[in-house]
There are 2 protein chains.
Amino acid sequence: MFQALADPNRRQMVQRLCEGPASVSELARPLEMTLSAVVQHLSVLEAAGLVRSQKIGRVRTCRLDTQALRAAEGWISERRALWERRFDRLGALLAEQDGTLETGEKA
Amino acid sequence: MFQALADPNRRQMVQRLCEGPASVSELARPLEMTLSAVVQHLSVLEAAGLVRSQKIGRVRTCRLDTQALRAAEGWISERRALWERRFDRLGALLAEQDGTLETGEKA
DNA sequence: AAGATACTTAAGCGTATGCTTCACCAACCG
DNA sequence: CGGTTGGTGAAGCATACGCTTAAGTATCTT
């Protein structure tokens, strides 16, 4: 998942797919690399669940699948929230001690 | 950034750091690898802005920096929103057409 | 049917990544 | 003081990654 988003070219492909479905060669056009390379990137994105695609005739049309994006976003925000809550508690604890100055709480 | 989060060991370190600051060897303990390897991972996380650390005496204490996490989260949610807005518009468009014509559509 | 188009697959290659070992320094501890 | 603890840095190595070329298949187009 994060692995898939780690590559700038792949992120650019995701970016493009945000604006709507695209064929493989459409995805390839702005990227300075072979169609072959693009297909390989695509299969990484697809394996990560970020993209789904179907072939009609000889053209494969790709579209974003936001569920994976949602999962990644969730992972991050969960951790961020965890840390920030901890941070807030610490702040509160310090403020408390600053005022009353008594029993020591253990972490 | 995503590169840094791409490695499972690094994610585990981030996970640990969510629960509070830790020294390098504390971070290393649950991971089955050398201290050396852990330090290398740490420097990746630090270069990505995910972690900050300071050395006191001979122990380096590491803490999470949520700003980078926030940025990653923002990137994802921005793109997801972009796509989902598009998706909704498409749905509206289809619903609109649904009223006006009724020919056999392909599944 | 001939040719172009849109991929697809496999092989190969250079570089980056993740890891280990080894040598080393700087604090703390008795 | 010497020894242990906590971390650092460089070198080396195996594997993974990103890419290319080349050869092939299936689908339009004319």
Side-chain angles (χ1 to χ4, degrees), chain A residues 1-17 19-65 68-69 72 75-76 107, chain B residues 1-17 19-65 68-69 72 75 106-107:
Chain A
M1 211 1 284
F2 286 113
Q3 186 62 265
L5 287 177
D7 184 85
N9 289 315
R10 246 141 34 205
R11 278 199 303 274
Q12 200 178 329
M13 289 168 73
V14 167
Q15 170 72 56
R16 167 63 189 80
L17 287 174
E19 288 149 29
S23 72
V24 178
S25 25
E26 263 172 339
L27 282 175
R29 196 139 33 227
L31 301 171
E32 302 204 333
M33 65 175 104
T34 330
L35 200 63
S36 216
V38 173
V39 172
Q40 284 169 61
H41 280 306
L42 207 48
S43 74
V44 173
L45 288 171
E46 219 161 336
L50 283 162
V51 168
R52 274 172 312 137
S53 72
Q54 59 175 343
K55 198 165 184 177
I56 299 176
R58 59 184 168 166
V59 0
R60 171 171 303 281
T61 307
C62 311
R63 61 184 58 252
L64 217 57
D65 183 349
L69 278 183
W75 189 92
I76 295 180
Chain B
M1 216 347 292
F2 286 113
Q3 186 63 266
L5 287 176
D7 184 85
N9 289 315
R10 242 134 46 196
R11 278 200 303 275
Q12 200 178 328
M13 290 168 72
V14 167
Q15 171 71 56
R16 167 64 190 80
L17 286 175
E19 287 149 29
S23 72
V24 177
S25 26
E26 263 171 339
L27 283 175
R29 196 142 31 227
L31 302 170
E32 301 205 335
M33 64 174 106
T34 331
L35 200 62
S36 218
V38 172
V39 172
Q40 285 169 61
H41 280 307
L42 208 48
S43 74
V44 173
L45 288 171
E46 221 162 333
L50 283 162
V51 168
R52 274 172 312 137
S53 72
Q54 59 175 342
K55 199 167 182 177
I56 300 178
R58 59 182 169 170
V59 7
R60 169 171 307 280
T61 308
C62 312
R63 62 183 62 252
L64 217 57
D65 184 350
L69 279 183
W75 190 92
K106 299 168 221 172

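In the text below, chain A, chain B and the rest are named by the order of the sequence lines, each starting its count at 1. Please read all numbers here as calculations on a predicted model, not as lab measurements.
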Student: Taking side chain to side chain donor-acceptor pair (under 3.5 Å) as the test, write out the residues that go with Q3(A), two or more places apart.
Tutor: none
Student: Taking the side chain as everything from C-beta on, heavy atoms only, tell me whether L5(A) gets closer than 4.5 Å to R10(A).
Tutor: no
Student: Under the rule for side-chain contact (heavy atoms from CB on, under 4.5 Å), what residues qualify as partners of V38(A), not counting sequence neighbours?
Tutor: M13(A), V24(A), L27(A), A28(A), L31(A), M33(A)
Student: What is the separation between atom CG on L27(B) and atom C1' on dG7(D), rounded to the nearest whole Å?
Tutor: 13 Å
Student: Counting C-beta onward and ignoring hydrogens, is there a side-chain heavy-atom pair between P30(A) and Q12(A) closer than 4.5 Å?
Tutor: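 Side-chain contact under 4.5 Å: yes.
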Student: What is the separation between atom CZ on F2(A) and atom P on dT17(C), rounded to the nearest whole Å?
Tutor: 18 Å
Student: Measure from CD on Q3(A) to P on dA16(D) and round the result to the nearest Å.
Tutor: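 Spelled out: CD on Q3(A) to P on dA16(D) is 12 Å.
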Student: Roughly how far, to the nearest 0.5 Å, is the CE atom of M1(A) from the CH2 atom of W75(A)?
Tutor: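 If we round to the nearest 0.5 Å, W75(A):CH2 and M1(A):CE are 11.0 Å apart.
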Student: Quickly work out the Q12(B) CD to dG18(C) P distance and round it to whole Å.
Tutor: 15 Å
Student: What is the separation between atom CD on E26(A) and atom C1' on dT5(C), rounded to the nearest whole Å?
Tutor: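 So the CD-C1' distance, E26(A) to dT5(C), works out to 14 Å.
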Student: Find the distance between CD (Q40(B)) and CG (L35(B)) and round it off to the nearest 0.5 Å.
Tutor: 10.5 Å
Student: Please check this pair: side chain of R11(A) against backbone of A6(A), looking for a donor-acceptor N/O pair closer than 3.5 Å.
Tutor: yes
Student: Just how far, in rounded Å, is C1' of dC17(D) from CG of L5(A)?
Tutor: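 Taking atom C1' of dC17(D) as the reference, CG of L5(A) is at 16 Å.
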Student: Less than 4.0 angstrom between a side-chain N/O of R10(B) and OP1 or OP2 of dT17(C), yes or no?
Tutor: no
Student: Considering only side-chain heavy atoms of S25(A), which listed nucleotide, dT17(C), dG7(D), dA6(C), is closest?
Tutor: dA6(C)
Student: Can you run down the salt bridge (charged side-chain N to carboxylate O under 4.0 Å, His left out) pairs that involve residues 24-53 of chain A, sequence neighbours left out, and say none if there aren't any?
Tutor: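 Salt bridge (charged side-chain N to carboxylate O under 4.0 Å, His left out) check on residues 24-53 of chain A returns R52(A)-D65(A).
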Student: Grab the NZ-P distance between K55(A) and dC28(D) for me, whole Å please.
Tutor: 10 Å
Student: If the condition is side-chain contact (heavy atoms from CB on, under 4.5 Å), which residues does V59(A) pass it with, not counting sequence neighbours?
Tutor: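 Expected list: S23(A), T61(A).
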Student: Under 4.0 Å from any atom of DNA chain C, heavy atoms only: list the residues of residues 45-54 of chain A that qualify, in numerical order.
Tutor: none
Student: Does the protein touch nucleotides 19-30 of chain C at the base, only the backbone, or not at all? Give it as B, S and - per nucleotide, heavy atoms under 4.0 Å.
Tutor: BBB-----BS--
